[in-house]
Amino acid sequence: MPDPATEAFLDHRNLLFTVAYEMLGSAADAEDVLQETWLRWSGVDLAIVENPRAYLVRVTTRQALGRLRTLGRRKESYVGPWLPEPLLTTPDVADDVELADSVSMAMLLVLETLTPTERAVFVLREVFDVAYGEIAEAVGKTPAAVHQIAHRARAHVAARRPRGAASPGETRDVLDAFHRAVRTGDLQGLLDVLAPDVVFLGDGGGVVQAVLEPVVGAALVAPLLAGSRPARDDTATMRTVQVNGHPALILRLGGEVDTVIALRVDDGLITGLYAVRNPEKLSRMEEETALRR
């Protein structure tokens, strides 16, 4: 039988991972944060801890804030666009609409535009419904300051959310049409599902080939995709999976994961395409990750 400290930590582990991942957009860094949280938790006198969940969330948030600032410096020297690390998620994540929305690739990119403290406050308040007083302790601010930060972050995110959020069924239909068009190199089929102002981002991290700047506009994105590897290589396989709570595509070459393609759908058209190719970010695509609120 695990000891009480271990048992409490394991009970909340998926929640803590989700908090750290939403703050960082990196599963590898979230795991490091959990390790640091465990080291601090294992030395605590449980007799003085009234609420283990709140205590663990507070420690995780503090560790993630420190890691977020370090990650920001790493991103400054990153080769090409930086995209969040995709997760192959369990089916229940998609069932929790608010959780799925908060961990979508599109939303994680919106959260990237917040300051570290704004991101922490937004995630804790809007996703996990943490009380303002607890958030204040976690981020080292007064409750009044946290109220102001939450208001500012909420307005910032609202202005950048998908314009007309697509239902899972609508997203699947659009993804199926996109999948067929990419697989066959159908230029017109791609133009039919891409918004005129679609943005394509590719993340190779300087390790594998990827576009180094955002490609904007269907007139440029469609030919790029029509001439891509899936359309030319008979050995390429593509299948639909749940990535970050939403339908996405995995491209495999020789049986190995080569690219994860997530998308953002607004008003029935694809407005954002996110192709993660950096091998260091694809390790979580072989087994499902459980996320919790």
Between the main-chain N or O of [Y] and the side-chain N or O of [X], is there a donor-acceptor pair closer than 3.5 Å?
X	Y	result
Arg160	His156	yes
His246	Ala94	no
Thr61	Ala138	no

Residue of the set Val198, Asp192, Asp197 for which side chain to side chain contact (heavy atoms under 4.5 Å, CB included) holds with Leu194: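 Filter result, single survivor: Val198.
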Among Ile270, Leu263, Val221, the one residue meeting side chain to side chain contact (heavy atoms under 4.5 Å, CB included) with Phe200: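 Going through Ile270, Leu263, Val221 one by one, the side chain to side chain contact (heavy atoms under 4.5 Å, CB included) with Phe200 is satisfied by Val221 alone.
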Side-chain heavy atoms of [X] within contact of [Y], under 4.5 Å:
X	Y	value
Trp41	Val49	yes
Val174	Leu269	no
Asp29	Arg74	yes
Arg67	Ser26	no
Thr18	Phe128	yes
Tyr21	Leu87	yes
Phe178	Leu249	yes
Glu98	Arg293	yes

Summary of salt bridge (charged side-chain N to carboxylate O under 4.0 Å, His left out) pairs that have at least one residue in residues 131-148, sequence neighbours excluded: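 Only Arg58-Glu137 qualify under salt bridge (charged side-chain N to carboxylate O under 4.0 Å, His left out).
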With clusters defined by side-chain heavy atoms of hydrophobic residues (ILVMFWY) lying less than 4.5 Å apart, directly or transitively, does [Y] cluster with [X]?
X	Y	result
Val182	Leu220	yes
Val19	Leu10	no
Val97	Val127	no

Carboxylate-amine/guanidinium proximity below 4.0 Å for Glu286 and Arg252: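 The answer is yes: the pair qualifies as a salt bridge.
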Arg13/Asp11 ion pair, N-O < 4.0 Å: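 No, no charged N to carboxylate O under 4.0 Å.
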Pairwise side-chain hydrogen bond (donor to acceptor under 3.5 Å, both in side chains) hits with a residue in residues 198-214, at least two apart: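 Pairs touching residues 198-214 that pass the test: Tyr78-Asp203, Asp203-Lys281.
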When clusters are formed from ILVMFWY side-chain contacts under 4.5 Å, directly or step by step, what else is grouped with [X]?
X	answer
Leu187	Leu191
Val208	Val207
Leu88	Leu83, Met105, Leu109, Val199, Leu201, Val216, Val241, Val243, Ile250, Val257, Val260, Tyr274, Val276, Leu282, Met285

How far does [atom1] of [X] sit from [atom2] of [Y], to the nearest 0.5 angstrom?
X	Y	atom1	atom2	result
Leu71	Lys75	CG	NZ	4.0 Å
Met238	Ser228	CE	OG	7.0 Å
Thr289	Gln242	OG1	CD	13.0 Å
Glu36	Leu34	CD	CG	9.5 Å
Thr259	Asn278	OG1	CG	11.0 Å
Glu85	Leu108	CD	CG	11.0 Å

Steps toward side-chain hydrogen bond (donor to acceptor under 3.5 Å, both in side chains) verdict (Thr90, Asp92): CA-CA 6 Å; Thr90 53; Asp92 60 321; 2.5 Å; yes
ring-ring contact (aromatic ring centres under 6.0 Å, His included) evaluation trace for Phe9 with Trp38: CA-CA 7 Å; Phe9 184 81; Trp38 164 249; 5.3 Å; yes
For [X], salt bridge (charged side-chain N to carboxylate O under 4.0 Å, His left out) partners two or more places apart:
X	answer
Arg62	none
Asp129	Arg125
Arg53	none
Arg152	Glu118

No-hydrogen, no-angle side-chain donor-acceptor test under 3.5 Å, Asp266 and Thr271: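 Yes, a side-chain donor-acceptor pair sits under 3.5 Å.
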Residue pair Ser104 / Asp101, side-chain donor-acceptor N/O under 3.5 Å: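 Short answer, no.
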Within 6.0 angstrom of Glu31 CD, more than 12 heavy atoms from elsewhere: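 Enclosed: over 12 neighbouring heavy atoms sit under 6.0 Å from CD of Glu31.
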Residues that Ala177 engages under side-chain contact (heavy atoms from CB on, under 4.5 Å), provided they are two or more places apart: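 Here the qualifying residues are Arg180, Val193.
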Thr117 vs Ile149, side chain to side chain contact (heavy atoms under 4.5 Å, CB included): CA-CA, chis, key distance, verdict: CA-CA 8 Å; Thr117 301; Ile149 293 168; 3.9 Å; yes
Contacts of type side-chain hydrogen bond (donor to acceptor under 3.5 Å, both in side chains), residue Thr171, not counting sequence neighbours: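 Partners of Thr171 under the side-chain hydrogen bond (donor to acceptor under 3.5 Å, both in side chains) test: none.
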Ser102: partners by side-chain hydrogen bond (donor to acceptor under 3.5 Å, both in side chains), with sequence neighbours left out: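 Checked Ser102 against side-chain hydrogen bond (donor to acceptor under 3.5 Å, both in side chains); matches are Glu22.
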Worked verdict on Leu39 versus Thr37 for side chain to side chain contact (heavy atoms under 4.5 Å, CB included): CA-CA 5 Å; Leu39 290 175; Thr37 299; over 6 Å; no
